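Just so it is clear, the values below take in all heavy atoms, side chains as well, and ignore hydrogens, waters and symmetry mates. Here is how names work: the chains are called A, B, and so on, in the same order as the sequence lines, proteins then strands, and each is numbered from 1. These figures come from a predicted structure and were not determined experimentally.
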Amino acid sequence: MSQTITYREAVREAIRKAMHDDERVFLMGEDVGHYGGCFAVSMGLLDEFGPERILDTPLSESGFTGAGIGAAMNGMRPIVEIMTVNFSLLALDQIMNNAASMLHMSGGQFNVPLVIRMATGGGKQLGAQHSHSLEGWFAHIPGIKILTPATVQDAYDMVLLALADPDPVLVFENPLLYNAKGELDTATAPLPIGRGKTMREGRDVTILSYGISVFKALEAAETLSREGIDAEVIDLRSLRPLDDAAIMESVRKTHRILIVDEGWKSGSISAEIMARINEQAFFELDAPMGRVCSAEVPFPYARHLEQSAMPQPEKIVASVHQMMEES
Amino acid sequence: MSQTITYREAVREAIRKAMHDDERVFLMGEDVGHYGGCFAVSMGLLDEFGPERILDTPLSESGFTGAGIGAAMNGMRPIVEIMTVNFSLLALDQIMNNAASMLHMSGGQFNVPLVIRMATGGGKQLGAQHSHSLEGWFAHIPGIKILTPATVQDAYDMVLLALADPDPVLVFENPLLYNAKGELDTATAPLPIGRGKTMREGRDVTILSYGISVFKALEAAETLSREGIDAEVIDLRSLRPLDDAAIMESVRKTHRILIVDEGWKSGSISAEIMARINEQAFFELDAPMGRVCSAEVPFPYARHLEQSAMPQPEKIVASVHQMMEES
Amino acid sequence: MASDWAQEREWYRQMVLIRRFEEKCVELYSYEKIRGFLHLYIGQEAVAVGVMNALAAEDGVLASYREHGHALARGVSAKSIMAEMYGKLEGCSRGRGGSMHLFDASSRFYGGSAIVAGGLPLAVGMALADKMMKRNRVTVAFFGDGAVAEGEFHESLNLAALWQLPILFVCENNLYAMGTALRYTESETNLASKAAAYRLSAHQVDGMDIIGVAKAATEAVAAIRAGNGPVFLECLTYRFRAHSMFDAELYREKSEVETWKHKDPLLVLQKRLEESGQWEKIGADGIEKEVAAIIAEAVEFAENGTLEPLEDLEKFVYSPEVSA
Amino acid sequence: MASDWAQEREWYRQMVLIRRFEEKCVELYSYEKIRGFLHLYIGQEAVAVGVMNALAAEDGVLASYREHGHALARGVSAKSIMAEMYGKLEGCSRGRGGSMHLFDASSRFYGGSAIVAGGLPLAVGMALADKMMKRNRVTVAFFGDGAVAEGEFHESLNLAALWQLPILFVCENNLYAMGTALRYTESETNLASKAAAYRLSAHQVDGMDIIGVAKAATEAVAAIRAGNGPVFLECLTYRFRAHSMFDAELYREKSEVETWKHKDPLLVLQKRLEESGQWEKIGADGIEKEVAAIIAEAVEFAENGTLEPLEDLEKFVYSPEVSA
Ligand SMILES: Cc1ncc(C[n+]2csc(CCOP(=O)(O)OP(=O)(O)O)c2C)c(N)n1
Ligand SMILES: Cc1ncc(C[n+]2csc(CCOP(=O)(O)OP(=O)(O)O)c2C)c(N)n1
Ligand SMILES: [Mg+2]
Ligand SMILES: [Mg+2]
């Protein structure tokens with residue numbers, strides 16, 4: 001069964017399917033119900049499932065995220081929606097000290113089958129308190145998994161993969177993708193958590209990326225191909241665990257690596273990927289690895305400033321050029 | 001003027017000096033007053049300065065950290081003490097969304113001359129909610145600075161450097177160091193923020209570290225020197241900004257780099273340092289860089305497990321051995 | 001009160017300024033001159049204007065992301081606010097903040113905060129600083145009914161009451177937090193009585209009636225300045241427009257909005273003035289003209305503004321180096 | 001009540017068990033058999049024992065880092081708790097949790113939480129799950145007076161009251177949060193009346209008198225099970241020992257501690273039983289012996305326990321792979 005739908009619809013359909021299939025699944029968060037969902041993802045679900053399973057919460061990120069953990073420990077399969085990643089800072093105590101630690105700290109007794117979805121990323125001119133990309137930063141935390149759907153297929157699959165996982169999974173959706181259309185195949189088994197996906201084969205350089213940056217990488221690859229540079233583009237899909245095998249395989253193939261991520265540069269997931277390649281495939285490298293991240297600034301409102309703070313296809317192309325010169 | 005005192009006393013003396021010199025300075029946090037300070041750092045200060053300047057706060061990390069930001073914006077020079085880094089997660093909204101963003105977001109109008117001190121690190125068998133090392137993770141955030149005093153001298157200097165800085169500075173103290181004794185020289189100007197310090201010169205390999213790990217690195221260097229391997233040990237001192245110049249200089253000298261930090265490995269500050277060396281001095285490397293970090297687990301209580309989860313001199317030595325073989 | 005019509009003319013003028021300014025913003029948003037989120041204050045004008053009226057120049061003000069009205073009432077110029085929303089360097093935050101992050105040091109306007117309740121701890125700290133330094137200043141924090149559920153609200157109220165800080169909490173209860181009605185977010189929907197549990201002085205006032213708001217705020221500020229500790233003022237109000245520009249308003253009935261429009265703060269003040277025979281003196285037409293000129297000037301200023309150079313993107317991540 | 005001396009014997013026995021168990025812990029701490037933080041419950045035993053008495057096996061319990069008493073009263077074996085504090089694999093958390101993180105799935109004991117107030121949102125979620133699944137279960141959360149200032153307390157109480165969840169909040173008000181007296185942390189020091197502001201049923205009870213605690217808890221649990229929503233029980237109590245093993249107790253007078261020792265829950269129950277002529281029947285000596293044997297057995301069990309192999313350090317960071 002294949003159909004063309006939007007990324008938003010894909011997330012919604014996955015939630016619907018899960019709620020139909022499993023009475024333990026419910027959705028909880030700010031404005032998921034009566035408002036219709038901050039980005040309209042959950043539009044219509046309140047009517048379909050009722051207020052017992054589509055819970056509008058008060059503004060209390062720590063409280064309802066923690067409630068999600070407790071409900072998960074007590075037999076439910078909650079989906080907690082945090083509107084925007086900057087607000088998730090209010091829930092970090094619950095995420096790190098409880099969700100991520102519970103199973104290990106209890107000696108294996110209490111797992112936390114919780115899904116936390118949130119919006120991430122800049123580009124909407126929302127300023128310094130609504131625009132950051134912290135998914136790579138969250139990937140530092142052992143005990144949780146981090147998924148970053150880029151495609152319509154993954155927007156759907158990842159909700160279900162996350163729900164099927166016995167441990168806490170954070171899914172980061174980029175609102176700029178919600179209107180993107182794509183093919184959804186619900187018949188084939190999804191690519192598991194922890195597996196990257198090659199979006200474009202290439203021989204000269206590998207561009208590793210995830211989320212919305214994948215499309216910028218693909219755009220850059222097109223430009224590069226017109227210049228005769230054949231770039232491979234890999235969608236990492238999951239930031240914790242990372243698909244080391246796929247990464248190293250591509251390093252051994254192209255010997256040049258550029259990583260693109262929308263997080264701030266210092267301490268980015270790009271740095272971690274560089275560290276791993278250094279550790280696992282150092283002698284395969286023909287040139288220093290490169291990264292295109294966001295400028296290390298609280299994101300500004302003005303469009304020209306914000307756009308210049310973010311990774312762009314032109315910067316990716318320029319970084320590849322530089323790398324080709326260096327090797 | 002030079003004297004031998006403990007790290008704890010050094011922090012206390014710096015606070016005392018600042019409070020005597022500047023009426024805008026005050027200390028605020030849980031149990032800093034009547035209890036005498038969680039780790040006895042502020043013992044006696046309540047008697048000396050009174051409850052108006054040594055403020056015992058309720059348990060409300062977000063509230064009093066935010067209050068520190070507001071007080072700083074309104075002319076004060078607050079020192080906010082957060083007992084332990086795991087609790088700082090409760091204050092992360094204030095730290096990232098307000099303290100770190102305020103100056104940029106307000107177009108340069110409101111700076112935040114705030115100092116936040118907290119205890120970090122494992123090794124005290126306090127389990128998964130009291131033992132982590134998140135300073136490297138905090139270093140991801142633009143707008144704040146991250147200091148990690150290892151020595152008695154820095155324990156003193158860094159409180160004063162942080163207070164003299166116009167922007168928010170987080171100082172991470174390792175409680176296992178509080179009883180350590182060392183020389184304090186209050187006459188010489190301190191090494192500025194952002195400058196690392198070479199603790200041991202060496203030619204064969206560079207060990208980069210900070211905080212308590214510096215001493216583990218020095219211990220490892222002694223062992224290595226008995227084997228004829230001459231290790232250079234650098235105390236990074238500041239994780240944001242990092243002293244890129246000192247790091248690259250040492251890379252150009254030894255061509256082999258090991259980084260030791262007590263944070264979890266994935267997304268560690270070690271990864272960032274590797275990324276920068278890759279970017280700035282790739283062709284100087286004779287071997288893949290190595291890192292010794294903490295195991296990616298919520299820290300366990302049992303001593304043998306906890307110790308095995310943390311960097312140890314033996315692991316540093318073993319990593320250097322491996323590196324020497326690889327090159 | 002009734003004798004002082006100059007005062008009331010000024011209130012009316014400020015409320016009209018806010019109303020027309022925001023109406024203009026909607027227009028400019030549709031032309032894509034303004035981007036990002038745009039939260040309109042229309043319907044709630046009496047709160048900001050009434051409260052600001054009670055303040056002195058040295059007092060400090062913090063507000064939320066719905067703060068055009070507060071900024072204007074506090075005296076931040078329409079020009080610099082409009083330029084801000086255009087993303088221009090001449091904006092009150094250099095174009096970096098936009099609608100949600102208006103800042104202005106000269107009028108001690110401390111933002112413009114887009115984390116709900118996130119500004120409250122800051123307000124506590126500002127008041128703490130004033131108390132420590134024995135300055136006779138008041139800090140005012142504006143926030144919505146939605147903020148009351150947040151932990152930061154709780155911690156802030158406790159600290160303020162515990163330390164008896166000179167702070168005025170103004171809760172603008174417009175019945176909804178985005179699309180979630182108060183009854184779905186608070187077990188106790190009387191927010192003033194909830195606040196009173198912190199042992200601070202807490203009052204409820206009709207937020208559509210500027211005379212009542214101004215009176216309550218004046219009394220509150222006087223009590224605070226006299227050293228009696230913090231005050232909580234719940235203003236019962238309503239936003240006439242959608243939460244932001246992306247809101248289908250599925251969560252409330254049109255009839256509810258219409259009912260509240262009968263309590264439009266402009267109408268309420270007009271009626272009050274008509275009753276006391278002063279409406280004519282106010283010169284509403286003149287005000288409209290005056291305001292139209294201010295707005296036109298603001299738009300022109302914003303249009304002619306410049307963009308911050310890209311090289312300055314990283315400026316003010318940290319304070320500029322000061323030569324020692 | 002007075003007729004049921006078997007019940008009271010059991011309460012006395014449990015309180016003695018907790019008391020002696022912890023006294024043993026202090027000894028073992030000085031021998032460095034136990035490490036990390038060790039927070040003693042001595043003085044507060046009537047609360048845990050009295051409340052647990054009201055629960056059924058299927059109810060859920062969450063506590064703080066001062067939870068030996070709660071674990072024992074809930075029926076977690078002294079052996080597995082002692083082994084836990086020894087850091088042994090046979091401990092109730094495999095030796096990974098230590099004193100602050102006791103967990104036991106079989107008695108539905110959900111920890112052992114060392115972030116003050118951090119367990120409260122979890123308790124809300126557990127109760128929410130029960131309500132959703134229409135299970136007739138109660139969740140009990142124990143916490144101290146210090147937790148009340150935290151934002152997570154506020155958010156949790158509001159959610160519980162708003163959603164009318166089957167949850168019993170037991171606040172053990174021992175007057176201090178570490179070394180900070182309640183009057184320095186709360187603008188309203190009557191915590192039950194503070195909680196009542198969330199529109200839930202809130203009561204204060206003498207936490208040194210197990211008969212009163214048990215009665216209040218039984219009534220509360222009955223009300224909760226009947227579907228009347230959450231209850232908040234403030235138990236006025238006192239810890240006789242230091243906050244943890246690192247505490248010079250500078251913040252309170254010795255005389256205050258002595259005064260409270262007159263209200264020792266063991267003494268209070270003894271007196272009550274003496275008054276009703278039942279004290280002799282209880283057989284206090286026999287209880288001491290019984291308890292001594294349990295503790296000796298626990299220590300032996302812990303001593304003989306094994307250490308988790310180092311290879312297992314990363315086990316349970318994630319759930320074991322389940323073959324599909
Ligand atoms: C911590 C946080 N959570 C969620 C949001 C998203 N959000 C923005 S406004 C809003 C509703 C706030 O309602 P209220 O406090 O009543 O203010 P109003 O918008 O009615 O003026 C929400 C949920 C946010 N900005 N910050
Ligand atoms: C969020 C957080 N902040 C600080 C601490 C350090 N701390 C541990 S216990 C404690 C006092 C708690 O007091 P209370 O809630 O009254 O419980 P009691 O110890 O009296 O049983 C503090 C400050 C902590 N564990 N968690
Ligand atoms: Mg509202
Ligand atoms: Mg207490």
* Asked: Who among C:K194, C:E188, C:E152, C:H154 has the most heavy-atom pairs with chain D under 4.5 Å?
  -> C:H154
* To do: For the pair D:Y238 and D:W260, name the ring-plane relationship: parallel under 30°, tilted 30 to 60°, perpendicular over 60°.
  => parallel
* Asked: When the ring planes of D:Y251 and D:Y176 are compared, do they come out parallel, tilted or perpendicular, using 30° and 60° as the limits?
  -> tilted
* **Portion of D:F153 that has a non-hydrogen atom of chain C nearer than 4.5 angstrom** => side chain
* **Engaged part of D:T185 at the chain C interface, taking heavy atoms whose separation is under 4.5 Å** => backbone
Test: [X] and [Y] ion pair at under 4.0 Å:
{"X": "D:R137", "Y": "D:D59", "answer": "no"}
{"X": "D:E186", "Y": "D:R183", "answer": "no"}
{"X": "C:K215", "Y": "C:D209", "answer": "no"}

* **Check: C:F109 main-chain N/O paired with C:R74 side-chain donor or acceptor under 3.5 Å** => no
* Asked: Which heavy atom of C:R252 sits nearest a heavy atom of C:R241, and at what distance?
  -> NH2-O, 2.9 Å
* Structure fact -> Among residues 158-170 of chain C, those lying within the under-4.5 Å heavy-atom range of chain D are C:N158, C:A161, C:L162
